[in-house]
Amino acid sequence: MQQLVSNFESLLKNFIKTSNEIYDILSGVSSTLSETHALQTQSKLDIVMPLAESMFRNIENSAQKVQLPTDLQELLETSASQLWNISNSISVALDAKNLMEITYNAKLFSIILLIIYELLNPSVDRSLMNSSCIVSLFTLSMSHEIKLVAKKCQSYGESILVKLISLDKDTELNPSQKKMLQENYSKLIMLSLNLSVLNKEFQLAKTFEVKLEKLDLQNSVKPEFIFECSRFLYNSSLTSFQDSQYGIALSLILICIRYLECDGIKFKNSQAFKERYFHSYILLALGTPELKERAKTALKFMQNQFGDSFEVYYLAFEVNDDLCEEDIENSFMRMVMSVDLEANFDKINSLLKEYSNKSFHGVNKCLDYMFTKFGSTDKEEVINTIVTTKLVFNTVLETNENNPNKIKELQTFIQLAERTLVKQLSLKVKTSGIALLWNQGMKSYRQGQFQESLQWFQIALSRLFFIEYSINQDRGKVLRAIQNCYIATNKFDDAIGIILTMEEEDKFAILTQYNSFKAYLGLDNEEACLKCIDNISSCDDPIAVLVAAACIIEGRDRMSKNATAQSMIKLLSSLLESEYESEIFLERLKSHEIVIPVALRCTIILLCTEIEKLSNSQEMLPKLCILKELLQKTYSVAKKTTHNSEIDKAQILTIDDLEWFASKAYNTANICLHHNINSIGSDLCQVSVGFIELISPQVDSTRYKQLLLWKTRASIMNILVSCLTQDLGTAEWNQIRDKCVKINEEVKRENTSNTQSDWAECHRQILVLHFQAELSSGYIQNLFGIIEECKWFKPKIMIQIFETFVNLIVEATRLINSPHKKQLMRTIVEQTLTTTQPLQLKIIINWMRILLNLNEANFGPAEEGLLLQLYRTIKLNVGEVTIPTFEIEWLSTATWNYGVVLLM
């Protein structure tokens with residue numbers, strides 16, 4: 001025993017020395033503990049701490065047997081107290097966790113020394129004081145998560161307090177001692193629970209939770225301490241929730257809420273308390289699917305506790321995803337009547353939009369309520385947002401197309417707004433509102449719901465959205481849309497009446513005139529229709545010609561053919577006067593390229609149909625004149641645009657259009673030729689050729705060959721029409737001859753075979769016309785070349801051509817002397833006998849008769865040779881060809897007479 005006491009004395013002296021050294025180190029620095037000082041302190045503590053803990057255990061077991069000098073014990077208490085105080089003061093100013101941990105170890109060492117002193121000198125007050133120090137250090141260690149110090153504080157604190165509780169049961173402590181004991185024990189249990197959570201020892205935490213349930217916290221622990229512990233539990237619960245440890249999170253948050261709901265909490269009116277209490281319940285409400293019912297219960301409680309918090313309602317909608325429309329409506333109304341609308345305005349707006357398809361009436365009622373709260377105030381931004389939201393909700397967000405209440409809601413709201421507002425809406429809101437209503441109206445219009453469309457447009461015209469015309473012209477656009485609704489429902493008088501409500505500028509706008517045209521067309525007022533087209537065509541606007549074309553297409557079945565044609569001619573005249581260099585005009589043409597060609601085609605078809613029904617040339621003439629003018633102006637427009645390199649991509653007429661117009665001109669020229677209306681026919685032939693010449697040769701080669709064929713036919717027809725003209729002079733025939741020569745060269749390039757092809761037919765026709773022109777102009781020598789060129793054809797075709805030549809020679813009106821005629825006929829007969837088959841003998845005999853008649857019995861060697869050749873041919877083919885007897889008799893007689901003349 002004596003040895004034990006001696007060892008204890010030695011240890012105490014060592015502890016006192018170490019305590020004083022640490023004190024000197026800590027007191028020797030100001031408010032900052034350097035690394036050097038920290039290492040010195042830690043080194044000393046590493047040595048003495050295990051010894052102190054060992055001595056504590058030994059004395060705890062044999063304190064009554066150990067008697068140490070009183071002065072030494074008192075010195076121990078003094079040194080330990082000093083070390084506690086200096087450590088306590090210096091740790092307040094430390095930030096670095098490692099330095100703070102060393103200081104807390106020093107404090108722990110001082111507490112162990114005080115506990116040893118108390119074991120040697122038992123005292124309830126001293127023991128309670130030591131427990132308070134331990135709890136204080138425990139609290140600081142938990143705040144900074146210094147787990148090792150906290151764990152030792154828990155161990156020493158529990159040892160002391162369990163003894164005191166046992167002592168209180170045996171000999172009841174006085175009230176102040178009892179109160180301190182209860183407070184320290186409650187804190188120790190709360191801190192121990194936090195420490196087990198910090199160490200993720202959740203099973204151990206449940207043990208402390210059970211102990212906690214037996215404690216009267218609100219009467220034993222100060223509110224500040226409880227509130228701080230709730231912070232730790234909330235943060236831990238949030239971390240567990242984020243790690244998907246929902247069970248642990250739920251357990252911890254329930255303890256947190258229990259702390260916060262202690263009656264002794266004096267912070268209940270503070271913002272910090274409200275936020276933590278509220279967010280704790282939010283965390284409780286989130287939970288897991290299995291905890292959904294508990295979450296709903298918690299949210300009902302939260303709505304009562306935190307009725308003025310928007311987050312409660314938002315979370316309620318998140319959790320209660322199966323609410324019926326009526327419940328959603330009630331929750332919405334409770335929300336807007338409870339929370340601060342202005343502070344939570346944007347959040348409420350977003351929530352209403354999110355649930356727009358789940359409670360149509362609920363959202364509308366909330367917006368109406370909010371508007372009544374702010375409508376008569378000067379909160380312009382809020383008011384503008386409410387109006388915009390109301391419009392967006394009932395137009396864009398409400399996806400139920402068949403909901404008849406959308407329009408009613410807006411109509412009622414507009415009336416309320418017009419009565420309530422003291423200031424006008426902003427220009428942005430007005431224009432946006434008109435745009436939303438316009439889009440909705442057009443959507444209904446396209447779906448054929450004209451009455452509904454009309455209602456949308458009428459809302460857009462409300463006084464609430466009125467804007468001065470000088471600032472915005474949307475009102476005219478809406479009025480024209482209303483016109484369209486009336487026209488679509490055959491209310492033509494109403495459509496015309498809308499014009500009276502327009503601004504002057506809108507009345508004569510192109511689209512207004514277009515709508516007026518459609519309305520007058522519905523009323524069969526052709527005169528007014530033509531006036532509208534005049535107004536449109538005279539507008540200085542690139543779109544004017546396009547709208548005029550649309551009018552013509554629209555009225556082709558209702559207006560007279562002449563009126564349609566005249567309108568089209570006027571349109572083309574306007575088009576010719578347009579500035580094609582204008583970039584805007586080019587873009588318009590490019591975007592509406594189909595309109596004008598369609599209008600032209602429709603008009604031309606109408607006229608052609610009328611002409612085909614007529615058989616009298618006098619009746620045809622006026623319509624043919626109109627058609628000719630229409631095609632000529634169309635050609636002028638095509639030529640102007642096609643030859644303008646700046647608008648290659650914005651041409652009004654495509655290749656298909658040019659080809660179509662060329663064919664119509666050609667076919668109509670044929671009709672003119674048939675009815676001897678030669679002048680118009682010639683002009684139409686020229687137009688047809690002109691259209692084809694505008695088509696680029698770079699098109700498909702087969703197609704271009706066909707186009708060239710048409711061009712040649714039109715050119716040949718034009719020459720034919722010229723040849724039919726009476727009293728042509730030499731100059732005119734010379735011009736025709738030159739044209740024939742040019743065309744003949746082109747035809748010969750294309751006519752590569754002598755088959756019965758289209759090009760061969762053109763070749764045949766141009767040779768006949770060329771022959772006539774040469775014959776009429778007196779150039780006899782060229783005629784022999786034409787006859788020679790006929791060898792290119794097959795015999796049958798050549799005979800057909802020669803028949804025409806013979807007729808022209810016989811019927812030639814110009815003065816051609818007999819030798820020339822004989823020479824031509826002799827050449828034709830000779831070439832025919834040389835190249836044709838016996839089947840053509842009848843024709844040859846006929847031509848021989850003509851030749852002999854031209855000679856008037858003055859036959860020469862040439863005629864003799866032809867007769868001899870003809871005789872031989874007949875003789876060789878007498879069994880195959882039947883020749884009329886009178887022809888043989890005539891030939892015999894003519895030959896006899898020639899012989900008699902020679903003998904005489």
Side-chain angles (χ1 to χ4, degrees), residues 521 524 526-527 529-530 533 548-549 551-573 575-576 595-639 652-653 656-694 707 709-726 765:
L521 191 65
D524 294 323
E526 185 174 285
E527 183 179 351
C529 287
L530 292 176
I533 294 177
C551 289
I552 293 167
I553 296 173
E554 190 93 24
R556 65 183 182 273
D557 296 328
R558 303 287 294 272
M559 296 170 61
S560 66
K561 308 304 181 291
N562 286 343
T564 302
Q566 290 298 336
S567 300
M568 196 70 242
I569 291 171
K570 184 171 294 186
L571 168 65
L572 292 170
S573 299
L575 197 58
L576 285 169
V595 175
I596 294 175
V598 169
L600 285 167
R601 288 192 184 202
C602 289
T603 309
I604 290 170
I605 289 172
L606 288 173
L607 288 171
C608 289
T609 304
E610 287 292 305
I611 291 169
E612 289 169 3
K613 293 178 181 178
L614 301 174
S615 59
N616 188 304
S617 59
Q618 293 300 316
E619 294 176 347
M620 286 183 180
L621 191 58
K623 296 186 184 299
L624 285 170
C625 289
I626 295 174
L627 180 58
K628 182 191 76 170
E629 185 179 0
L630 192 56
L631 285 168
Q632 284 176 331
K633 284 191 176 294
T634 302
Y635 168 70
S636 299
V637 171
K639 184 178 180 181
I652 298 175
L653 303 177
D656 290 338
D657 294 325
L658 295 173
E659 186 176 341
W660 189 88
F661 290 125
S663 67
K664 282 296 175 185
Y666 178 81
N667 293 335
T668 309
N670 254 327
I671 295 173
C672 293
L673 186 63
H674 181 73
H675 289 87
N676 296 318
I677 309 175
N678 297 331
S679 176
I680 295 177
S682 177
D683 292 338
L684 289 173
C685 287
Q686 293 175 26
V687 170
S688 181
V689 171
F691 277 122
I692 294 173
E693 287 178 341
L694 294 177
L707 290 171
L709 178 62
W710 280 13
K711 175 185 174 184
T712 304
R713 283 175 171 173
S715 300
I716 292 172
M717 186 186 292
N718 191 25
I719 294 173
L720 177 60
V721 172
S722 300
C723 292
L724 294 175
T725 306
Q726 299 295 323
Q765 291 174 359

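Worth saying up front: this structure is predicted, and the values here are computed from it rather than measured. Keep in mind that the numbers below use all heavy atoms, side chains included, and drop hydrogens, waters and symmetry copies.
- Looking only at distances, no side-chain donor or acceptor of Ser682 sits under 3.5 Å from a matching main-chain atom of Ser679.
- The side-chain heavy atoms of Ile604 and Trp660, taken from C-beta on, include a pair separated by under 4.5 Å.
- In this structure a side-chain-to-backbone donor-acceptor pair under 3.5 Å is present from Thr634 to Leu630.
- One distance of note links CZ of Phe691 with NZ of Lys711; it measures 14.5 Å at 0.5 Å rounding.
- Considering all non-hydrogen atoms of both residues, Ala669 and Cys685 come closest at CB-SG, 3.6 Å.
- Atom CD1 in Ile611 sits 10.0 Å away from atom CG in Leu621 (nearest 0.5 Å).
- Here the CG atom belonging to Leu614 is positioned 7.0 Å from the NZ atom belonging to Lys623, to the nearest 0.5 angstrom.
- Atom CG of Leu709 sits about 4.5 Å away from atom CZ of Arg713, to the nearest 0.5 Å.
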For this session: Tell me, with the steps shown, if Asn678 and Cys672 meet side chain to side chain contact (heavy atoms under 4.5 Å, CB included).
Result: CA-CA 6 Å; Asn678 297 331; Cys672 293; over 6 Å; no
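- Distance check, rounded to the nearest 0.5 Å: NZ of Lys613 to SG of Cys608 gives 12.5 Å.
- A 4.5 Å side-chain heavy-atom check between Glu659 and Ile692 finds every atom pair outside the cut-off.
- Here the CG atom belonging to Asn670 is positioned 10.0 Å from the OG atom belonging to Ser688, to the nearest 0.5 angstrom.
- When each of Asn718, Leu684, Thr668, Leu720 is tested with Leu673 by the rule side chain to side chain contact (heavy atoms under 4.5 Å, CB included), just one qualifies, namely Leu720.
- Looking only at side-chain heavy atoms (C-beta outward), Val687 and Asp683 stay at 4.5 Å or farther from each other.
- For the pair Leu530/Met559, a side-chain contact is recorded, criterion being any heavy-atom separation below 4.5 Å from C-beta on.
- Scanning both residues, Ser663 and Trp710, for their nearest heavy atoms gives CB-CZ3, 3.5 Å.
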